[in-house]
Protein chains: 2
Amino acid sequence: MVSEQDEIEQSVIAAVLAGRFSPGERLVESSLAGLYGVSRTRVREALMRLQTRGIVEVSARRGWFIVRPSAEEAHAAYQARKVIEIGLVMSIRQVLPDAIRQLRHHVEEEHAAIHDSNVNARVCLLGDFHVHLAELFGNPVLTKIVSDLTARTTLISMLYQPAAAAEESSDDHGSILDALEAGDIARAAQLMSEHIDRVEAGIDLSVMRDPLDGLRKILAPGEGLVRSAAPQQAAQNSVHSTNRQTE
Amino acid sequence: MVSEQDEIEQSVIAAVLAGRFSPGERLVESSLAGLYGVSRTRVREALMRLQTRGIVEVSARRGWFIVRPSAEEAHAAYQARKVIEIGLVMSIRQVLPDAIRQLRHHVEEEHAAIHDSNVNARVCLLGDFHVHLAELFGNPVLTKIVSDLTARTTLISMLYQPAAAAEESSDDHGSILDALEAGDIARAAQLMSEHIDRVEAGIDLSVMRDPLDGLRKILAPGEGLVRSAAPQQAAQNSVHSTNRQTE
DNA sequence: GCGATCACTCTTGTATACAACAGTGATGGG
DNA sequence: CCCATCACTGTTGTATACAAGAGTGATCGC
């Protein structure tokens, strides 16, 4: 299989989406090379592809970093998703009952994850809903775009979205399915728009602006003294592939 | 400036959009390296980024090729554009007179290019209209997506779109602006949808399916014997940068 | 004459070596 | 005690070397 080339790429995305890498976190080429047992060349190529996809960025001769979107960039990502997903819903010609059934099942999984209060799985699933919605359009180009964009915003939500917002999101998903099932495309599009707006409104930008996030997490396990939206001392597991994020 | 890194990337895109590279054409790493006066490493990295953006593809140990979309892939690209641009138009809140003025000016340029019968400039400008429309949304993420997607379809149109369709396209652009100016967003979206459908319908897939396109162009300058949508013996100029395609 | 085999070439795939620079801590002067 | 300078370390940036496979043409057997 040719796809062994982008094993690293997928693995990094999976790690980000699973919360093992946090925004702003540094990735060192040689370390990754050691972990995967390959040379820097391949790691570097994978990172460059991820850069194109907006997942990582490089600071000259300093290192690679998981993107830490500014408030403005975060807004742009959410707005882009809104535009594209509205277009997607508006372009739906017929709603297959089977597709609805699948998505309903997915929303149930979301609910389960919410009650298990597993932040990573929860936010991941909430993003996956949108990807699956795009998937049933049957257009790989669109699916990839939505998938990448969702990964970006998921990365934001994972750190800055309070738990309460997750439940709300899942309910929104249910309402969107209701509208779709009823064949009310316009209403589904409207709900989608409101939904993404709500998700964006739910994130706490004040935390994001602060460049000392990592430090805060280390210094404030006891809460109270330092304001922290979602402590979640992530990024303690090592990388170790687990090529989960496939398509 | 850091952007010197992707000079190669931009240059290749420019060459493709200017018709100096045709779909299916082969790119040899070492040749490009020689032309740009750098090592294969940098060329390779640029090509990989272009691969992520859907402009080139690689066949293991055979070479890099400008993408030659299959009928199915072409359809997916057009459909993706339709979905996204419908979403874009539908999301427009207010139409600035200044923006309309700029776009009107652009459409005039299109007309000029059509009468000059310059295939490359013509098709390029027709694509640029959509990019500029996306630009005035002020969202760099969306602009990049539309830009990449437009590049892909432009690449198709350039080879397979008959001249008559270009005039029709430009008229469509005018109508879309009319609707926008009148504040009739829904109508603008509808027109956009029809427009992209028309563009797609205008391409001649029968030529595209044929893998001997290059041969045909060489053997049939006199027409008649070999069917050819747009002979346009392109790809005779060498690369030579001219970093025209900026954003 | 025709087909299969083989050697050769061309090109990518991968690793490694070295250059260039940012960041950091030590050292020395005031 | 504080600040500037300097050497050092760590990391990316770039080039080069070599491995591996695809394609091609010649050669050989029939």
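Naming convention: chains lettered A, B, ... in sequence-line order (proteins, then strands); numbering from 1 in each chain. This structure is a prediction, so every number in the text was calculated from the model and none was measured.
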Check the distance between [N]'s [atom2] and [X]'s [atom1] and give it to me in whole angstrom.
{"X": "A/L47", "N": "D/dT11", "atom1": "CG", "atom2": "P", "result": "14 Å"}
{"X": "B/E57", "N": "C/dT11", "atom1": "CD", "atom2": "P", "result": "18 Å"}
{"X": "B/I8", "N": "D/dG13", "atom1": "CD1", "atom2": "P", "result": "14 Å"}
{"X": "B/R62", "N": "D/dA22", "atom1": "CZ", "atom2": "C1'", "result": "8 Å"}
{"X": "A/R26", "N": "D/dG10", "atom1": "CZ", "atom2": "C1'", "result": "8 Å"}
{"X": "B/E29", "N": "D/dT14", "atom1": "CD", "atom2": "P", "result": "16 Å"}
{"X": "B/M48", "N": "C/dT11", "atom1": "CE", "atom2": "C1'", "result": "14 Å"}
{"X": "B/Y36", "N": "D/dT14", "atom1": "OH", "atom2": "C1'", "result": "18 Å"}

Verify whether one side chain among [X] and [Y] offers a donor that lies under 3.5 Å from an acceptor in the other.
{"X": "B/W64", "Y": "B/E57", "result": "no"}
{"X": "B/Y78", "Y": "B/S157", "result": "yes"}
{"X": "B/T153", "Y": "B/R81", "result": "yes"}

**Item:** salt_bridge(B/K82, B/D197) N-O dist < 4.0 Å
**Value:**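 Answer for the salt bridge query: yes.
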**Asked** For the residue pair A/H106 and A/H132, does the interplanar ring angle fall in the parallel (under 30°), tilted (30 to 60°) or perpendicular (over 60°) class?
**Response**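 The rings of A/H106 and A/H132 stand perpendicular, inter-plane angle above 60°.
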Please list each protein N or O that sits under 3.5 Å from an N or O in nucleotides 15-18 of chain D, with the distance.
unit_1	atom_1	unit_2	atom_2	d
D/dA15	OP2	B/S39	N	3.0
D/dA15	OP2	B/S39	OG	2.9
D/dA15	N7	B/T41	OG1	2.8
D/dT16	O4	B/T41	OG1	3.4

**Item:** Results of ring pair (Phe, Tyr, Trp, His ring centres under 6.0 Å) for A/H75 - residues two or more places apart only
**Value:**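 Scan of A/H75 (ring pair (Phe, Tyr, Trp, His ring centres under 6.0 Å), adjacent residues dropped) gives none.
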**Asked** Think A/R61 has a side-chain N or O under 4.0 angstrom from the OP1 or OP2 of D/dG10?
**Response**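 No, A/R61 has no side-chain N/O under 4.0 Å of OP1/OP2 on D/dG10.
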**Below 4.0 Å: OP1/OP2 of C/dT12 and any side-chain N or O of B/R44** =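 So the side-chain polar atoms of B/R44 never come under 4.0 Å of the phosphate oxygens OP1 or OP2 of C/dT12.
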